[in-house]
2 protein chains.
Amino acid sequence: MDGNVEDRGGSFTNHRQPTRIQAINREIILDAALEVFAVHGFRGSTVDQIAAKAEMSKPNLLYYFRRKQDIYRAVLEHTLADWLAPLAAIDPKGDPVEELRRYITLKLDMSAKRPAASRLFANEVLAGAPVIGDFLKTRLRELVQEKAGVIRRWVSEGRLAPVDPVHLIFMIWAATQHYADFDVQVRAVLGPQVDRPGFREQTAQAVLSIVLNGIRPRG
Amino acid sequence: MDGNVEDRGGSFTNHRQPTRIQAINREIILDAALEVFAVHGFRGSTVDQIAAKAEMSKPNLLYYFRRKQDIYRAVLEHTLADWLAPLAAIDPKGDPVEELRRYITLKLDMSAKRPAASRLFANEVLAGAPVIGDFLKTRLRELVQEKAGVIRRWVSEGRLAPVDPVHLIFMIWAATQHYADFDVQVRAVLGPQVDRPGFREQTAQAVLSIVLNGIRPRG
DNA sequence: CTCTGATTTGACCAAATAGTCAAGAATTCG
DNA sequence: CGAATTCTTGACTATTTGGTCAAATCAGAG
């Protein structure tokens, strides 16, 4: 009994058409829960924190999601698709460098626009992925293998330098999510320039330059 | 009152020479606490978990560290120096590519040998760096600026391709720590090959190849 | 408007958790 | 050895936390 989240159990098994109020309030709760879980993880977050952030009494919140687990699962599901979309969008028929440039740019945009989503996953994975573990081993794995195949083909056609495709994907994830997950560290090192308008473009430029060209001086 | 850890307070303000038993038990506690905090973060970890992992009664553990905060701070301090050492070791007089190759290799070794340390920091930073925030804004920042200066000089001498040095450092952190922090995800995607003897070398090869040469096919 | 079901919440409970304390056990040192 | 000190722990307390419940309020269909 680890206090973990591994057991199953859906929220609102009642599958009737949600009322207007239900739709609104579930959305409010999911937004609030995302912010809280993203900072403290499942174990470190409390229902009271979420209720406070949602400006709702705790029993009212638990009227919509019976258990803390149910909120957590719902937030994760609610976010997974968006998180995966950019990778799924890599087009085997496109230009390799352009496709990867677009992928990196999309991931950096996500990190900037939805940092809490990235941090939520970071916390979940750090905790051992008790909830999304199955997802990682099935759907994510399949998607990565598929796209790795695409990249491998590009390499064999000489359209990319020889590179391990899965490690390349990991590296892009790491580099892009870093700016969301470690935002506090980035700010500590770089200071307020992080909020200047051009910062995102500068970051994209730097990441793209390294991934595409490397740092070894060219002939 | 956020339940956070921001307030000050040392452990064992008693600064006498530690006894043999003290030295042993503090070490046992710090090892156990590292494992626990690395998975669940400060808020999500309990003193009982740490005591159980240390095979020690809770009051006995609290005899060595009066408060949960004190354990947490001690573990962080205990780990910070090691975490920083590889960056500090970058030698301005060395060969740029060799120095960065060594840095990346050292960081990957740390991720493989001490993954819990990396995860501890990841959790701390995700939670907003309540404890090491000051450290990040002072010592880490200074060190990064110093090494960024070194890299900038290398670039201006044409010994590295033009690259933003701070983003390069971030990218190396991200790519290397990814293998510790997201180990579960890496395993989900790659399967048991992660435990095969050559995996570390293969990873190092892939990361180095991308960072040094990029993925754009060379002329 | 009126009735019904949906929504909201104050009061509450049981379990988990951080931390205390006094007394007993072990260790150290003269 | 024997006294002083350090170490260990069972039993305990106060607080936090996840979750329940019955009663009150509200929204919407007819």
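A note on names: the letters A, B, ... follow the listed sequences, proteins ahead of strands, and every chain is numbered from 1. Just so it is clear, the values below take in all heavy atoms, side chains as well, and ignore hydrogens, waters and symmetry mates.
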Any salt bridge between A:Asp195 and A:Arg187, counting N to O under 4.0 Å?
yes
Between B:Lys58 and B:Asp48 (salt bridge meaning N to carboxylate O under 4.0 Å), is one present in this structure?
yes
According to a strict under-4.0 Å criterion, is [X] in side-chain N/O contact with OP1 or OP2 of [N]?
| X | N | answer |
| --- | --- | --- |
| B:Gln22 | D:dC7 | yes |
| B:Tyr63 | D:dT8 | no |
| B:Thr46 | C:dA16 | no |
| B:Arg67 | C:dT20 | no |
| B:Thr19 | D:dC7 | yes |
| B:Tyr64 | D:dT8 | yes |

Measure [atom1]/[X] against [atom2]/[N] and give the value in whole Å, please.
| X | N | atom1 | atom2 | answer |
| --- | --- | --- | --- | --- |
| A:Ile24 | C:dT7 | CD1 | C1' | 13 Å |
| A:Asn60 | C:dG10 | CG | C1' | 13 Å |
| A:His40 | D:dG18 | NE2 | P | 13 Å |
| B:Leu62 | D:dC7 | CG | P | 15 Å |
| A:Tyr72 | D:dG18 | OH | P | 14 Å |
| A:Ile50 | D:dT17 | CD1 | P | 12 Å |
| A:Phe37 | D:dG18 | CZ | C1' | 12 Å |
| A:Gln49 | D:dT17 | CD | P | 7 Å |

So does A:Ala117 get a backbone contact from the side chain of A:Thr79, meaning a donor-acceptor N/O pair under 3.5 Å?
no
Counting side-chain heavy atoms from C-beta on, which of [options] comes nearest to [X]?
| X | options | result |
| --- | --- | --- |
| B:Asn25 | D:dT8, C:dA18, C:dT8 | D:dT8 |
| A:Arg43 | D:dG18, C:dG19, C:dT17 | C:dT17 |
| B:Pro59 | C:dC21, C:dA18, C:dG10 | C:dC21 |

Suppose we call two aromatic rings close when their centres sit under 6.0 Å apart. Are A:Phe65 and A:His78 close by that rule?
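Here the rings of A:His78 and A:Phe65 have centres that are no less than 6.0 Å from each other.
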Mapping A:Ile21 and B:Arg20 onto DNA chain C by nearest heavy atom, which one lands closer to the 5' end?
A:Ile21
Taking atom types as they are modelled, is there a donor-acceptor pair under 3.5 Å from the base of D:dG19 to the side chain of A:Lys68?
no
Could you go through the ring pair (Phe, Tyr, Trp, His ring centres under 6.0 Å) check for B:Phe199 and A:His167 one step at a time?
CA-CA 11 Å; B:Phe199 180 73; A:His167 286 294; 5.7 Å; yes
